[in-house]
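Below, read A as the first sequence line, B as the second, and so on, with proteins coming before strands; counting in each chain starts at 1.
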Amino acid sequence: MAATVSETLLAWYDRHARDLPWRARPGAAPPDPYRVWLSEVMLQQTTVAAVKPYFAAFTARWPDVEALAAAPEDDVMAAWAGLGYYSRARNLVKCARAVAERGGFPATEADLRELPGLGAYTAAAVAAIAFGQRAVVVDANVERVVARLFAIEDPLPGARKAIRSAADSITPDRRAGDFAQAMMDLGATVCTARDPRCLLCPLAQACAARAAGDPARLPVKAPRKPKPLRQGRAFWIERDGAVWLVRRAGTGMLGGMRALPDDGWSAQGDGSADPPLAGAWECAGVVRHVFTHAALELSVLVQRDAPQPAGPGEWWPLDRIEEAGLPTLFAKAARLVRAS
DNA sequence: CATGCGTGGGC
DNA sequence: TGCCCAAGCAT
């Protein structure tokens, strides 16, 4: 009798699994749920290479969920700076506190799904990888592999239901966590988006898209909308070797992060608010930055020997600016000013 | 179900 | 260079 897809893929995984800091060896006992959860949240829409240093820093500083639960939210936000999608960091703290309160991570997909920041994907991934439960784990890699394997022609996101159903049909009862990671490894290293390496693929014989001749065509995706270009201004207010920093509102773009004061620019529109101080401003240059839904040209205006602006904020020492936890946009602005 | 939400790397 | 892409979630 021919081997099933999951048997073939697990045999491939036993030989070719990537060695990642949050991962157990194939077939070994499940890794620490805290490390699985933390890595999965960091990996949401984020590459392995970007995650690695953050995972190392977080686990060194907060070795377990109780330690993370006890951390001030601002410290976690600052430690997350540069990784993007900052609502993840806010939910990370909420989730850690909920888990510490209940005495540990729940072990079922349904209970994991109730935690802040755990959606369908992450709940299934943690259930399978950390707790050995059978769960249907569908991320963008799995969508691509499954769409090709079954030659699903319907465009995303409409095809989600069919893809999930097909993924369910090949998910094994045993080693569901290894199977999920194997699918993701296959998608990341072999069944890649642009140029699938079918000659290296353990599932090539079973792949309907390969049989049809053009696997790279799948999955079909809806066309994306054009990205508007926004203009904004940020204000660098310096005095006695310190710069004036504010904290952005808790939700929305760069929500909850430390920042330079600005003129109210957003993904929806250009900035128009007055500067936080009267007086003359010198333009240090323009930072170009691309967000998910808009590109931004941010003019950085400087005033030195300035009085303290009205409203909340803090003077941050320039020699410790790296520790402020500025998101990349404002880190770029800081580099621009300090280079000028 | 569509939209808002970061960032860096590859081609 | 500009575009696509990456282990999605909340609303």
Side-chain angles (χ1 to χ4, degrees), chain A residues 18 20-23 35-55 77 80-92 94-95 112-130 135 137-145 155-161 167 177 179-189 191-195 216 219 221-230 248-257 259 266-269 287-296 326-332:
Chain A
R18 287 179 291 175
L20 301 174
W22 45 84
R23 190 177 261 190
R35 294 168 63 87
V36 174
W37 161 72
L38 179 61
S39 65
E40 288 299 341
V41 173
M42 287 183 166
L43 286 161
Q44 290 166 5
Q45 295 285 284
T46 308
T47 58
V48 165
V51 164
K52 278 181 174 175
Y54 285 85
F55 182 80
M77 299 302 288
W80 196 275
L83 200 53
Y85 286 136
Y86 297 101
S87 65
R88 292 185 294 175
R90 292 193 299 277
N91 283 330
L92 195 77
K94 273 193 223 165
C95 182
L112 287 161
R113 182 70 180 78
E114 299 302 310
L115 294 169
L118 280 81
Y121 162 76
T122 306
V126 174
I129 297 169
V137 181
V138 183
D139 75 326
N141 286 303
V142 176
E143 282 182 351
R144 184 171 60 254
V145 171
L156 289 170
R160 291 258 154 82
K161 241 173 109 175
F179 177 77
Q181 293 177 96
M183 289 287 279
M184 293 189 277
D185 276 18
L186 190 71
T189 66
C191 194
T192 53
R194 288 208 178 92
D195 189 23
K221 295 190 176 182
R224 40 183 77 190
K225 294 184 173 180
K227 192 172 291 197
L229 175 61
R230 302 299 183 199
R248 294 176 62 85
T251 58
M253 190 166 287
L254 308 178
M257 299 300 286
S266 74
Q268 320 304 326
V287 170
R288 289 178 175 75
H289 195 75
V290 180
F291 295 99
T292 306
H293 292 292
L296 175 67
L326 293 175
T328 299
L329 169 67
F330 296 116
K332 283 184 186 174

- Item | Sub-4.5 Å side-chain heavy-atom contact between A:Trp80 and A:Met257 | no
- Query: C:dA10 phosphate, OP1 or OP2: any side-chain N/O from A:Arg88 under 4.0 angstrom?
  - Reply: no
- Query: Using the P atom in both, what is the distance from B:dG8 to C:dC9, to the nearest Å?
  - Reply: 22 Å
- Given B:dT7, C:dC5, C:dG8, the nucleotide with the shortest approach to the side chain of A:Ala193: C:dC5
- Query: Is it true that a side-chain atom of A:Tyr54 and a backbone atom of A:Ala81 form a donor plus acceptor pair closer than 3.5 Å?
  - Reply: yes
- Message: The side chain of A:Tyr85 is closest to which nucleotide in this list: C:dA6, B:dT7, B:dG6?
- Response: B:dG6
- Base, sugar-phosphate, or nothing: which does A:Gly187 touch, judged by heavy atoms less than 4.0 Å apart? nothing
- Note on the structure: The answer to which of A:Ala267 and A:Pro157 contacts DNA chain B further toward the 5' end, by nearest nucleotide, is A:Pro157
- Expressed in angstrom and rounded to an integer, what is the separation of A:Leu229 atom CG from C:dC3 atom C1'? 16 Å
- Any donor-acceptor pair under 3.5 Å from A:Arg144 side chain to A:Ala216 backbone: no
- Would you kindly compare A:Leu20 and A:Gly117 by the position of their nearest DNA chain C nucleotide and give the one closer to the 5′ end? A:Leu20
- Message: Using heavy-atom distances to pick each residue's nearest nucleotide on DNA chain B, tell me which of A:Arg194 and A:Ser87 is more 5'.
- Response: A:Ser87
- Nearest-angstrom distance from the residue atom CG of A:Asn91 to P of C:dT11: 8 Å
- Would you mind classifying the nucleic acid contact of A:Leu254 as base, sugar-phosphate or nothing, using non-hydrogen atoms under 4.0 angstrom? sugar-phosphate
- Are A:Asp185 and A:Arg23 close enough for a salt bridge, meaning some N to O gap below 4.0 Å? yes
- Item | Side chain of A:Thr47 (C-beta onward), nearest among B:dT7, B:dG6, B:dG8 | B:dG8
- Quick one: A:Phe291 CZ to C:dC3 C1', roughly how many Å, whole number? 18 Å
- Query: Do A:Arg113 and A:Thr122 get their side chains close enough for a donor-acceptor pair, meaning under 3.5 Å?
  - Reply: no
- Item | Atom pair distance, as rounded to whole Å: CH2 in A:Trp80 and C1' in B:dC5 | 13 Å
- Check every strand shown and say whether A:Arg160 touches a base, only sugar-phosphate, or nothing at a heavy-atom separation below 4.0 Å. nothing
- Message: Using a 4.0 Å heavy-atom cut-off, does A:Trp37 contact any base of the nucleic acid, only the sugar-phosphate backbone, or nothing at all?
- Response: nothing
- Query: Would you say A:Lys225 reaches B:dT3's phosphate, i.e. side-chain N/O to OP1/OP2 under 4.0 Å?
  - Reply: yes
- Task: Check every strand shown and say whether A:Thr122 touches a base, only sugar-phosphate, or nothing at a heavy-atom separation below 4.0 Å.
- Result: sugar-phosphate
- Donor-acceptor under 3.5 Å (A:Arg248 side chain, A:Ala259 main chain): no
- Query: Just checking A:Ala50: base, sugar-phosphate only, or nothing, at a heavy-atom cut-off of under 4.0 Å?
  - Reply: nothing
- So, does the side chain of A:Thr46 form a donor-acceptor pair with the base of B:dG6 at under 3.5 Å? yes
- Message: Check for me: is A:His293 stacked on B:dT3 by the 5.5 Å centroid and 30° plane-angle rule?
- Response: no
- Query: When all nucleic acid strands are considered with a 4.0 Å heavy-atom cut-off, which category describes A:Val290: base, sugar-phosphate, or nothing?
  - Reply: base
- Message: What's A:Ala120 touching, base or sugar-phosphate or nothing? Going by heavy atoms closer than 4.0 Å.
- Response: sugar-phosphate
- Query: Counting any heavy atom closer than 4.0 Å, what does A:Lys227 reach on the DNA or RNA strands: base, sugar-phosphate only, or nothing?
  - Reply: nothing
- Message: Any donor-acceptor pair, under 3.5 Å, between the side chain of A:Thr292 and the base of B:dG6, if you only look at N and O atoms?
- Response: yes
- Message: Within the 4.0 Å heavy-atom criterion, would you say A:Gln268 contacts the bases, only the backbone, or no part of the nucleic acid?
- Response: sugar-phosphate
- To the nearest Å, give me how far apart CD (A:Gln45) and P (C:dA10) are. 13 Å
- Return yes if some donor-acceptor pair links the side-chain N/O of A:Lys227 with the main-chain N/O of A:Phe291 below 3.5 Å, else return no. yes
- Among the candidates B:dC5, B:dT7, C:dA6, find the nucleotide nearest to the side-chain atoms of A:Ala140. C:dA6
- Query: Atom CD of A:Gln44 to atom C1' of B:dG6: distance rounded to whole Å?
  - Reply: 13 Å
- Message: Can you measure A:Arg230 atom CZ to B:dG4 atom P for me and round it to whole angstrom units?
- Response: 10 Å
- Message: Using a heavy-atom cut-off of 4.0 Å across all strands, would you classify A:Ile129 as base, sugar-phosphate, or nothing?
- Response: nothing
- In whole angstrom, what separates A:Met257's CE from B:dC5's P? 15 Å
- Query: Which part of the nucleic acid, if any, lies within contact of A:Arg144, taking any heavy atom under 4.0 Å across all strands shown: a base, the sugar-phosphate backbone alone, or nothing?
  - Reply: sugar-phosphate
- Query: Has A:His289 got a side-chain N or O lying under 4.0 Å from the OP1 or OP2 atom of B:dG6?
  - Reply: no
- Query: Residues in side-chain hydrogen bond (donor to acceptor under 3.5 Å, both in side chains) with A:Arg35, at least two apart?
  - Reply: none
